[in-house]
Amino acid sequence: MSDFELLDPSGAPVGDGDDLTDGLNPAQKRAVTARGQALLIVAGAGSGKTRVLTHRIASLIRAREAWPSQILAITFTNKAAAEMRERIEGLLGASAQGMWVSTFHSACVRILRREAERFGYGSGFTIYDSADSRALLKRIIKDLDADSYGFTPANAGAKISRLKNELSDAEAYTATMNASDPRERLFGEIFRTYDAELRRAHAFDFDDLIGQTVHLFRAHPDVAAVYQRRFRHVLVDEYQDTNHSQYALIRELTKPVAPVDAERLVPPVRAAEVDGTGSIPGASLTVVGDSDQSIYAFRGADIRNIVEFERDFPGAEVVKLEQNYRSTQNILSAANAVIGNNFDRQEKSLWTSEGDGKRIVGFTGYSQHDEARFVAEEIEELHRSGLAYSDIAVFYRTNSQTRALEELLIRSAVPYRVLGGTKFYERAEIKDAMSYLTSIANPYDPISWSRLLGVPKRGIGPMAEAHLANFQEAQGISFHEAMLRAGELTFGPKVRSAITGLGDLLGRAARMAAGGGATDDSGTEKRPAPVGDLLKLILDETGMVERLREKRDPQDEARAENLEELVSVAREFDAKNPEAGLVEFLTEVSLVAAADDLDDASGTVSLMTLHTAKGLEYPAVFITGVEEGLLPHQMSVDEVGGISEERRLMYVGITRARQQLFITLASTRAQFGDISVAMPSRFLQEIPEHLIEWRQSPGEVTGRGGTESRALNAPRSGARPARGGASSTNSSVTFGSGGGRGSAAIAEPASGNMQSALDKWRERKRLAKEQQAAGGGFPNLVGGNVRDNGDLELAPGDRISHEDYGEGRVTGVTGVGSKRIAHAVFESVGERKLLVKLAPITKHD
DNA sequence: TGAGTCGGCTTTTTT
DNA sequence: AGCCGACTCA
């Protein structure tokens, strides 16, 4: 039973009577049971690909075709990885110990830390996130005076990233560039310096994690052989979003091991592992993807990886999953219609046997606030009809759109959370605290060191920093050592003691982290200190939290709370990973994705970008800001293939919805401080009109600035028959792409009366200007001054007056302090929940 | 050296 | 409108 030697590659037949294939459709069954070197599973949205993938892995293990440790499964986010592992363990009824289920980045970090001595880093090397890279580039660009040539940290970073994703490096770039172009020469210099600085700091950026692993494998066949031998089955999810370096990594991992390398492996290879020539055959590869959901071209994802899979891996089998188990037919028809406008795709059409379901609800607001108000009201309506808040999600194209949405959700007392966006770990105070931990793990890293010098303020400025950095480089010592030896430099007594004191603190913390006795209590144990203790030591000794508290600014108060939350995050990590240490903590923090902190049990509405939404599903979905310039985004319009990618983004958004889909837009939108007129998105026009029930169509919002009361603009369903959608809407939605600079990507149906649309657009723009000039802005502009009702006391029975809803009666009050919520019934709109502090209400005496 | 003010720029999406 | 960075003053 437990005899490893009996492992037979051909395996026991899986299939008949196997519960791993029960209830699967024929295509899914094939995807689970197919065996061979290469398998491509083309999985449309909602076609059960996670199920197929987990069952495939479980069947490999259960049939004894593979041990868990021979499986490498790559997912897009850490959350998806955790979920997949859990589901596999559920199927096997046992732990899947030794199985690698992780993201590309996590898997590569794991390999790189193991093999760190091969490239001269310690295993505690630092991972630079985009902000760190930008900080480094900023310094380099300044040093090289490259800003006058138009280089910015952002554009240089993007270019470096693109090159690294192609497995290029500074040397290769310099060799192939046009050397007579000073701009190119300068960029080569930036690139070279950037990489040199990374090396000096013992650091990798995100792209290096993949690229350096590939280089490691290519430079050291013996190292590659270890992993090629170990992973017999490689499975990759979201294959359409892989870039070139990830593709190369997969190729390396699935190569056979040549006899010369196989011979040197430890432990020695067994006869069963090699073929007749003494080679270990390449691992089997399974990739899952959907080219219609490729939305990461901007970071190097190459759709050709999936489109040309069969050419890359001759003899590959292809299985197509087209039956959808997630959405209603109406939603799928809309999705099919939209994506059908992408001309260069493989034909594929989603279908369901579940019936049409409800129609898609459309709404056009007069402003983004009006739009947000509709979203908030509909969410409440859904909630009243029995849907949990956690079953509802709101999507948008750009993070900046959250402002208006959040404001209205707060006012309506709808519990929500924003996924992604300004992430916890991107907050300044968190980065400050983390810079101490990073520096403790890697005392050669200048970025974290430079950051911690200045926070909290202790009189060490740029001058002192520069002197220390020169000293550090000249002596070839760590930054911590350089600080301890500050006496050898010409500093004033005050600055010197600040520097040595800080150096001492870092040294003590580093010894604790390494397991040495930093404090001289009985500690004979050589155990690394818990991360929580290290962090607490730093925060206590630097007084960072108290300093924030002293300022008595509510924002600083929030920052202090964030730091305390960081301590509890660290403690949680310690408890969950008793064997892990500081480096593991830092790795986890660097690689968490936006969707990773998604807590499904939280009972809140989820707000996120369309990108973050990929891979998720919700019973009710709102797609907001469906306007030209936003979706498709202005930036993408002139890019080759840009519109196609935006359309896929729309497609991804639509296909997240299970039962109810809402599509909203606004006719004006404020950006960069002033208000501009927004046109409905071309994608809106691509959805067959009979699928949409307009509560307020774009046509109705055209022309007039919206003088009616907001509450009356959006009567509940039924009050307004949905005739608006058919005629008026679609004629007014027709328009050109604005400037009409026809890039290759734009193959839009040039239907209809462009001229009249243009006229309407001009007219609206004029009206918008006038209204703005007339003062007070738009009547529908909710934003701006946040009101504060202070300690307004309300009790059941009180009569109140609401700016939008009119007269009403309080039926109850829940919550405490600033989160007090009044439940009220209004004559015009019925039941509503209001945040007492912020709602536009007055109480009648 | 550090605090405060003014001006320019921003918004695409993320591991 | 808001954030960051450069510049100015104490």
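Order of the sequence lines fixes the chain letters, A, B, ..., with proteins taken first and strands second; residue numbering starts at 1 for each chain.
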Send over the distance from [X] [atom1] to [N] [atom2], rounded to a whole Å.
X       : N       : atom1 : atom2 : value
Q401(A) : dT10(B) : CD    : P     : 19 Å
F76(A)  : dT14(B) : CZ    : C1'   : 7 Å
N243(A) : dT14(B) : CG    : C1'   : 12 Å
M635(A) : dT13(B) : CE    : P     : 11 Å
I623(A) : dT13(B) : CD1   : C1'   : 15 Å
Y296(A) : dT13(B) : OH    : P     : 11 Å
R299(A) : dT15(B) : CZ    : P     : 6 Å
L209(A) : dT14(B) : CG    : C1'   : 14 Å

Side-chain ([X]) to main-chain ([Y]) donor-acceptor, under 3.5 angstrom:
X       : Y       : value
N155(A) : F151(A) : no
D132(A) : Y128(A) : no
Y366(A) : S667(A) : no
Q368(A) : A670(A) : yes
E197(A) : Y194(A) : no

In the structure I gave you, are the side-chain heavy atoms of K614(A) and Q293(A) within less than 4.5 Å of one another anywhere?
yes
Side-chain heavy atoms of Y296(A) within contact of Q240(A), under 4.5 Å
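A side-chain contact is absent here, since even the closest heavy-atom pair is not under 4.5 Å.
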Look at the rings of H105(A) and F206(A) and say which category their plane angle falls in: under 30° parallel, 30 to 60° tilted, over 60° perpendicular.
perpendicular
Comparing F206(A) and Q671(A) on DNA chain B - which has the more 5′ nearest nucleotide
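Its nearest nucleotide being more 5', the pick is Q671(A).
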Residue H633(A), side-chain atoms from C-beta onward, closest of dT14(B), dT11(B), dT15(B):
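When the side chain of H633(A) is considered, dT11(B) is the closest of dT14(B), dT11(B), dT15(B).
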Which of these nucleotides, dT14(B), dT15(B), dT11(B), is closest to any side-chain atom of H611(A)?
dT14(B)
Give me, pair by pair, the N or O atoms of the protein and of nucleotides 1-5 of chain B that are less than 3.5 Å apart, along with how far apart they are.
from: dG2(B); atom 1: OP1; to: G459(A); atom 2: N; distance (Å): 3.0

For a quick test of reading the model: is some side-chain N or O of [X] closer than 4.0 Å to OP1 or OP2 of [N]?
X       : N       : result
S130(A) : dT15(B) : no
S590(A) : dT15(B) : no
N399(A) : dT13(B) : yes

What I want to find out is whether E83(A) reaches K79(A) closely enough, with some N-O distance under 4.0 Å, to be called a salt bridge.
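Yes, this pair counts.
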Using atom C1' of each nucleotide, how far apart are dT13(B) and dC4(C) to the nearest Å?
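22 Å, rounded to whole Å.
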Name the pairs: protein N/O against N/O of nucleotides 2-5 of chain C, kept only if under 3.5 Å.
from: dG5(C); atom 1: OP1; to: K138(A); atom 2: NZ; distance (Å): 2.6

Check step by step if side-chain contact (heavy atoms from CB on, under 4.5 Å) holds for D290(A) and Y651(A).
CA-CA 12 Å; D290(A) 176 4; Y651(A) 174 79; 4.2 Å; yes
Students often get this wrong, so: under 4.0 angstrom with heavy atoms, is S400(A) touching a base, only sugar-phosphate, or nothing?
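Answer is base: heavy atoms of S400(A) come under 4.0 Å of a base.
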